[in-house]
Amino acid sequence: MEEIVLEFRGVSFAYEGEHEALRNLSVSVKRGERIAVLGENGAGKSTFFLLCNGVLKPNSGEIYCKGKKLDSSSRSRLMQRQTVGIVFQEPDSQIIASTVAEEISFGPMNLELSREEVAKRVETVLERMKLTGMRNRPPHYLSGGEKKRVTIADILAMQPEVMLFDEPASSLDPGNAALLEQTLRELSEEGLTLLISTHDVNFAWRWAERVLVFSHGELVADRTPEQVFADDRLLAESGLKKPLLFEMGQILQQTGVFATGKIPREMSEFREWAERMTR
Amino acid sequence: MLLTVGGMLFVWLLLWKTSSVWVLAAAEAAVLAAGLLLRRCAHSHGSRLLIDHAAQHSRFNSWNAGGKFFFSLLLLFGCIGADSAFLGLWILAGMTLLTVVGGKTPLHDYISCILLPLGFVLLSGITIAVQVTPDRIGVFSIPVLGQYLSVTEAGREEAFRLCCKAAGAVSCLCFLSLSTPMGTLIAFFRKIKVPGIVIELMYLIYRYLFILLSLHASMQTAAESRLGYRNFRCGFRTFPKIAANLLVVSFRQASRNFDAMEARCYQGEIRFLTAEQRMTAGQLGCYAGMLLLTLAGYFAGGML
């Protein structure tokens with residue numbers, strides 16, 4: 001049942017005239033996974049995303065999308081971009097239209113759907129992202145959080161199977177970040193495959209079921225969050241920190257306060273854990 | 001300030017030796033008062049965004065863009081074609097009322113928008129009224145370098161008529177730009193088959209205008225906070241640096257935007273789904289009423 005939606009086999013990529021941004025990357029993504037992509041700035045996360053979606057083409061190696069090998073034909077590129085959508089880090093580099101509704105219609109129009117279908121999709125995602133009241137507003141009169149919601153709606157309207165988020169919470173206030181996390185959970189429950197690049201290890205610990213760590217253009221770890229965050233050497237080498245809750249759990253385990261059970265992912269789990277242990 | 005001085009000069013050119021000195025003085029005082037008043041009214045804040053903001057909030061925003069476009073175009077051509085000073089002023093008044101009262105555009109915004117083009121109209125009016133002649137002719141003339149700058153009766157009548165016509169035409173365009181946001185206007189242009197490349201450029205330029213303006217604003221604030229504009233010399237050094245930086249940043253931004261467009265299956269044509277704005281009987285009625293009023297103005301002007 002575990003279908004592989006995206007697979008990289010020995011993919012390397014270099015920007016023109018520069019050293020390799022990604023080296024010999026092999027990784028596969030299964031349908032419905034929640035993957036956090038960690039790594040320092042310039043480690044190759046964004047390049048990885050652009051390769052996933054087909055904006056960049058690998059210098060060597062192969063990429064498979066739903067079992068089909070991708071070539072340079074426009075049909076296979078279209079299939080890849082339809083399957084994989086990216087929400088870019090800066091809303092201003094994504095938004096091009098002069099009203100919210102038009103902006104959301106850009107992707108579906110490119111898929112050459114009928115007008116009715118496009119209109120229906122725009123309506124649905126407007127409602128879903130709570131943007132109905134702003135449909136005719138130009139993007140330059142939106143706040144940062146609203147712009148973020150527009151960029152997510154942009155991609156949702158194309159109904160991709162895999163969604164990539166490039167540092168989605170980097171410019172959001174806590175309220176909007178919480179709203180974003182809520183949306184991410186819903187999307188995941190609906191069966192979408194999500195990859196999120198982030199510097200927020202606490203978020204990765206709370207949310208992800210699998211962690212990819214990039215460092216200097218190489219994939220240095222592809223494991224569960226427990227394994228990644230327990231590996232002190234890996235964390236030091238790739239410039240990462242331990243999530244607060246994880247470190248606390250580790251300390252409590254090492255000092256023998258709590259001996260059993262998995263380290264909690266969320267505060268509410270931590271409370272249950274503590275209550276169970278002291279009873 | 002320049003506008004007030006220009007206006008006073010123009011009135012002087014128009015009225016000199018035509019009636020009593022008192023009429024001239026009264027007219028000059030009126031222009032001065034109007035100039036000072038407008039200066040207070042039209043104090044602009046971020047004037048570059050003003051038109052866009054006003055158009056978004058106009059009551060005519062939801063009206064059919066094609067209707068507004070053809071209506072203002074019709075009046076514009078009528079205004080120029082009729083070649084009558086009275087009709088120009090009549091249309092200026094009518095369109096001002098339509099925009100401010102009908103569209104609920106704040107008077108302050110309207111004045112800020114129309115003042116600049118009117119200023120240009122006035123300045124060009126002065127240059128039309130004044131001719132270079134070898135002899136001393138006309139109502140009066142000033143000797144300059146062996147020649148004369150003269151104002152003739154015909155010249156100043158011509159200048160007055162041209163200015164009124166241009167002011168009327170400007171008010172027609174102001175009505176359009178203060179009632180129709182750029183996005184809807186571009187969508188309408190696509191409908192009447194303006195070439196795709198022009199349409200796409202318009203969309204992108206419009207969007208980029210705001211991105212670059214906000215980038216520029218933040219760079220300028222950052223420079224100011226480091227005393228970059230402390231005095232004229234500093235400002236002179238800072239300004240080109242910001243301009244150069246803006247160029248670099250805009251190239252980078254453009255390449256990012258292109259990536260994002262490609263990621264959304266962009267295949268060489270920008271298309272959006274635009275909302276339909278129906279033409280209603282009410283809208284047609286309003287245009288018809290305005291056109292009738294204009295016709296009435298035309299005949300009234302003929303009789304005067």
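Please read these numbers as outputs of a predicted model, since none were measured by experiment. By convention in this document, chain letters (A, B, ...) are assigned in the order of the sequence lines, proteins followed by strands, and residues within each chain are numbered from 1.
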Exercise for the section: Any chance you could measure Ser93(A), atom OG, to Asp259(B), atom CG, to the nearest 0.5 Å? Expected result: 9.0 Å

Problem - Which portion of Tyr203(B) sits near chain A, non-hydrogen atoms under 4.5 angstrom - result: both

Exercise for the section: Please determine, among Met182(B), Gln267(B), Met261(B), the option with the most heavy-atom pairs under 4.5 Å with chain A. Expected result: Met261(B)

Exercise for the section: Check whether any side-chain heavy atom of Arg271(B) lies under 4.5 Å from a side-chain heavy atom of Glu112(A), and answer yes or no. Expected result: yes

Practice task
Give a yes or no on whether a salt bridge exists between Arg264(B) and Glu103(A), defined as a side-chain N under 4.0 angstrom from a carboxylate O.
Solution key: yes

Exercise for the section: Would you indicate whether the side-chain heavy atoms of Arg256(B) and Phe88(A) approach each other to under 4.5 Å? Expected result: no

Handout entry: Heavy-atom proximity to chain B below 4.5 Å, by part of Ile95(A)
Key = both

Problem - Tyr15(A), OH: over 12 other non-hydrogen atoms inside 6.0 angstrom - result: yes

Problem - Side-chain touch Phe258(B)/Val55(A), heavy atoms, less than 4.5 angstrom - result: no

Handout entry: Asp92(A)/Arg207(B) ion pair, N-O < 4.0 Å
Key = yes

Exercise for the section: Drop me the distance from Ile96(A)'s CD1 to Tyr206(B)'s OH, to the nearest 0.5 angstrom. Expected result: 14.0 Å

Exercise for the section: Name the option with the most non-hydrogen atom pairs under 4.5 Å to chain B; the candidates are Val87(A), Asp154(A), Thr99(A), Leu111(A). Expected result: Asp154(A)

Handout entry: Over 12 non-hydrogen atoms of neighbours within 6.0 angstrom of CD1 in Ile197(B)
Key = no

Handout entry: Contact check, side chains of Leu273(B) and Glu102(A), non-hydrogen atoms, under 4.5 Å
Key = no

Exercise for the section: Flag the pair Cys265(B) / Leu78(A) as yes when at least one side-chain heavy-atom distance between them is below 4.5 Å, and no otherwise. Expected result: yes

Practice task
Quick one: sort the His140(A) and Phe210(B) rings into parallel, tilted or perpendicular, breaks at 30° and 60°.
Solution key: parallel

Handout entry: Validation row: Arg81(A), Glu262(B) side chains within 4.5 angstrom (heavy atoms)
Key = yes

Completion exercise
Given Pro139(A), Ser74(A), Pro108(A), Pro160(A), the one with more heavy-atom pairs under 4.5 angstrom with chain B than any other is Pro139(A)

Exercise for the section: Identify which of Ala254(B), Ser255(B), Ala260(B), Gly183(B) forms the greatest number of heavy-atom pairs closer than 4.5 Å to chain A. Expected result: Ala260(B)

Exercise for the section: Please check if atom NZ in Lys57(A) has more than 12 non-hydrogen atoms from other residues, nucleotides or ligands closer than 6.0 Å. Expected result: yes

Handout entry: Heavy atoms of other groups near Glu62(A) CD, more than 12 under 6.0 Å
Key = yes

Handout entry: Student check: side-chain heavy atoms of Ile270(B) and Met109(A) closer than 4.5 Å
Key = no

